[in-house]
Amino acid sequence: MSVDTTTDEPTDEPTEEPTDVPAAEPTAYSASETVRRILTATGDTWAVVGLSNNQARAAYGVAGVLQRFGKRIVPVHPKAETVHGEKGYASLDAIPFPVDVVDVFVNSELAGAVADEAVAIGAKAVWFQLDVIDEAAFARTREAGLDMIMDRCPAIEIPRLG
């Protein structure tokens, strides 16, 4: 509805939206500049939480892509399996060396606790996979000074870097 400026009365005519409005910026948790920074400048040691030898799971394929692009993957799973030739650990705090990025393949209800663990071990960034969103965890992680991405996949993003 619009207002007739000659009478200040509402009319039933639709208002026209401006056509020169720029597209909305991406949400903070999926900002392209943060994606690029994590993939190119944050470091090459990626703990992949939820990674096992189950080749049907997304984590298995994504970890393989990360390796092909020069990342060292560290499997984190209760079974502590060796995956893609890399020794696994049962938890993030069991990893005996620094981790740059924690890539999270657990559901949204569990992901916030993993983000908190990433902060506790001194990781530089946290990456929640597609459909994994926890706004409160995002706020806590960013407040702690880490970069964070949610609802994106590094296996999709890294080839786009060119």
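In this structure, NZ in Lys79 is found 6.0 Å from OG in Ser52, a value given to the nearest 0.5 Å. In this structure, CG on Asp134 lies 6.0 Å from CZ on Arg140, to the nearest 0.5 angstrom.
Between the His84 side chain and the Tyr60 main chain, a donor and an acceptor come within less than 3.5 Å of each other. Checked by atom type and distance alone, the side chain of Glu157 never pairs as donor or acceptor with a backbone atom of Val35 at under 3.5 Å.
Of the charged side-chain nitrogens involved, none lies within less than 4.0 Å of a carboxylate oxygen, so that Arg36 and Glu33 do not count as a salt-bridged pair.
Taking 4.5 Å as the limit, some side-chain heavy atom of Pro154 sits within range of a side-chain heavy atom of Leu39. Using a 4.5 Å heavy-atom threshold, the side chains of Met150 and Phe138 count as touching.
Each of Val101, Val126, Thr42 was checked for a side-chain contact (heavy atoms from CB on, under 4.5 Å) with Leu146, and the lone residue meeting it is Val126. Considering Asp44, Asp100, Asp103 as possible partners of Lys71, the one that fulfils the salt bridge (Lys or Arg N to Asp or Glu O under 4.0 Å) test is Asp44.
In plain terms, the two heavy atoms of Thr45 and Pro98 that are nearest each other are CG2-O, 3.7 Å.
Hydrophobic clustering (side-chain heavy atoms under 4.5 Å, transitive across Ile, Leu, Val, Met, Phe, Trp, Tyr) groups Phe128 together with Val99.
A tilted orientation is assigned to the rings of Trp46 and Trp127, their planes being inclined by 30° to 60°.
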